[in-house]
Amino acid sequence: MKKICVYCGSSPGKSPEYIDSARALARELVTRNIGLVYGGASVGIMGEIANCVLAGGGEVVGVIPQSLVDREVSHNGLTELIVVGSMHERKAIMTKMSDGFIALPGGLGTIEELFEVLTWSQLGFHQKPCALLNVKQYYSSLCSFLDNAVEEQFVKSIHSEMLLVENEPSKLLDSMENYTPPVVDKWIGRNET
Ligand code: AMP
């Protein structure tokens, strides 16, 4: 993997562990010579991971819609800042540029971005690994929700298993490096139990 897209909060979160996890992931990316692609903000966990990768000598590409340049305080010190016209364009570019996707703790935007890229994986639009860093069990209830969605037969287990979940950056990156995409087709066998 040459570049990884990290989705994460534009807020820092309540616990210092969330910011610490961004720093730990940044260090691991730099050690592995993997560039960061992210939303281009200088605030919250987004700003922290960008600053830490840059401080370690790594490469950071930010992609931000013009309408959010002021609101999310776009980062002026990145390797590259790509200003686009819309959220859709932002996500398409981030997806195309990256070899895998990680969600750190975040809010609605983070969750939306992760689930979009995961559904594209489910549909076979890409074969790149999608992963969650489950810091402080932040995403445990979301994982339980997905287990229930499988139990209730709205999500196939082969699709929910595409989401890699770990609580340490090094383990998460190892599992992404070793990821083999399943042969999936959302619509084939949709009535199978
Ligand atoms: P949040 O997790 O809500 O703090 O947001 C994290 C990032 O997701 C920010 O850069 C937001 O601009 C972005 N975001 C918010 N809503 C959306 C959305 N509907 N689609 C894509 N990105 C979004």
Side-chain angles (χ1 to χ4, degrees), residues 3-26 29 35-54 58-123 125-126 128-146 162-167 169 172:
K3 284 192 174 71
I4 285 185
C5 176
V6 177
Y7 306 123
C8 54
S10 53
S11 309
K14 183 177 173 181
S15 165
E17 285 172 68
Y18 300 132
I19 288 284
D20 289 347
S21 70
R23 293 179 181 145
L25 177 58
L29 291 175
L36 170 69
V37 175
Y38 85 118
S42 64
V43 293
I45 299 197
M46 297 175 76
E48 191 65 26
I49 191 165
N51 287 335
C52 289
V53 171
L54 291 168
E59 177 188 307
V60 182
V61 178
V63 188
I64 193 163
Q66 181 64 54
S67 57
L68 291 184
V69 162
D70 293 333
R71 196 163 2 141
E72 295 191 349
V73 198
S74 62
H75 198 304
N76 293 324
L78 303 178
T79 314
E80 187 182 6
L81 180 70
I82 303 173
V83 180
V84 295
S86 70
M87 282 295 207
H88 294 298
E89 217 180 319
R90 177 200 228 181
K91 290 188 288 185
I93 289 177
M94 288 165 79
T95 308
K96 198 169 173 191
M97 286 187 89
S98 309
D99 302 307
F101 311 92
I102 296 176
L104 284 176
L108 297 178
T110 302
I111 295 164
E112 194 273 351
E113 290 169 318
L114 174 72
F115 274 89
E116 179 175 82
V117 86
L118 191 58
T119 56
W120 288 359
S121 186
Q122 170 180 267
L123 294 167
F125 293 173
H126 70 81
K128 302 171 184 178
C130 300
L132 261 188
L133 191 63
N134 192 18
V135 182
K136 209 172 162 273
Q137 304 295 320
Y138 178 69
Y139 283 118
S140 293
S141 52
L142 186 68
C143 295
S144 302
F145 176 85
L146 286 177
M162 290 188 310
L163 182 61
L164 309 172
V165 184
E166 295 288 350
N167 51 21
L172 195 66

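Start at 1 and go down the list; that is how both ligands and their atoms are numbered. What you are looking at is a predicted structure, and each value in this text was computed from that prediction instead of being measured.
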Whether R90 and E72 form a salt bridge (side-chain N of Lys/Arg under 4.0 Å from carboxylate O of Asp/Glu) is what I want to check.
yes
Between the main-chain N or O of V117 and the side-chain N or O of H126, is there a donor-acceptor pair closer than 3.5 Å?
yes
Tell me, which protein residue and heavy-atom name are nearest atom 3 (O) of ligand 1, and how many Å apart are they?
G109 N, 3.0 Å
Is there side-chain contact between F115 and L142, with heavy atoms separated by less than 4.5 Å?
yes
For residues S74 and V83, determine if any side-chain heavy atom of one lies less than 4.5 Å from a side-chain heavy atom of the other.
no
Checking the N or O distance criterion of under 3.5 Å, is ligand 1 in contact with S11?
no
What I want to know is whether G107 and ligand 1 share at least one N or O pair that is separated by under 3.5 angstrom.
yes
Under 4.0 Å from a heavy atom of L68: which atoms of ligand 1 are those, numbered in the order shown and with their elements?
12 (O)
Answer yes or no: is there a side-chain heavy-atom contact under 4.5 Å between L78 and L54?
yes
For ligand 1, the portion of L108 having any non-hydrogen atom under 4.0 Å away:
backbone
Should C8 be listed as contacting ligand 1, given a heavy-atom distance under 4.0 Å as the test?
yes
Quick one: nearest non-hydrogen protein atom to atom 19 (N) of ligand 1, plus distance?
E112 CD, 3.8 Å
Check whether any side-chain heavy atom of H75 sits under 4.5 Å from a side-chain heavy atom of I64, and report yes or no.
no
Any non-hydrogen side-chain atom of T110 less than 4.5 Å from a side-chain atom of P105?
no
Lys/Arg N to Asp/Glu carboxylate O, E113 vs K91, below 4.0 Å:
no
Atom 2 (O) of ligand 1 [closest protein heavy-atom partner, distance rounded to 0.1 Å]
T110 OG1, 2.6 Å
Value rounded to 0.5 Å, distance of SG in C5 from CE in M97
10.0 Å
Tell me, please: is G9 in heavy-atom contact with ligand 1, that is, under 4.0 Å?
yes
Close approach of M46 to ligand 1, heavy atoms, under 4.0 angstrom
yes
Quick check on contacts: which atoms of ligand 1 are under 4.0 angstrom from a heavy atom of K91?
20 (N), 21 (C)
G39 heavy atom under 4.0 Å from ligand 1:
no
Out of M87, E113, M94, whose heavy atom is nearest to atom 7 (C) of ligand 1?
E113
In terms of atom number and element, which parts of ligand 1 are under 4.0 angstrom from non-hydrogen atoms of E72?
9 (C), 10 (O), 11 (C), 12 (O)
Identify, for atom 13 (C) of ligand 1, the protein heavy atom at the shortest distance, and state residue, atom and that distance.
R90 NH1, 3.4 Å
Quick one, L36 and L25 - any side-chain contact, counting heavy atoms below 4.5 Å?
no
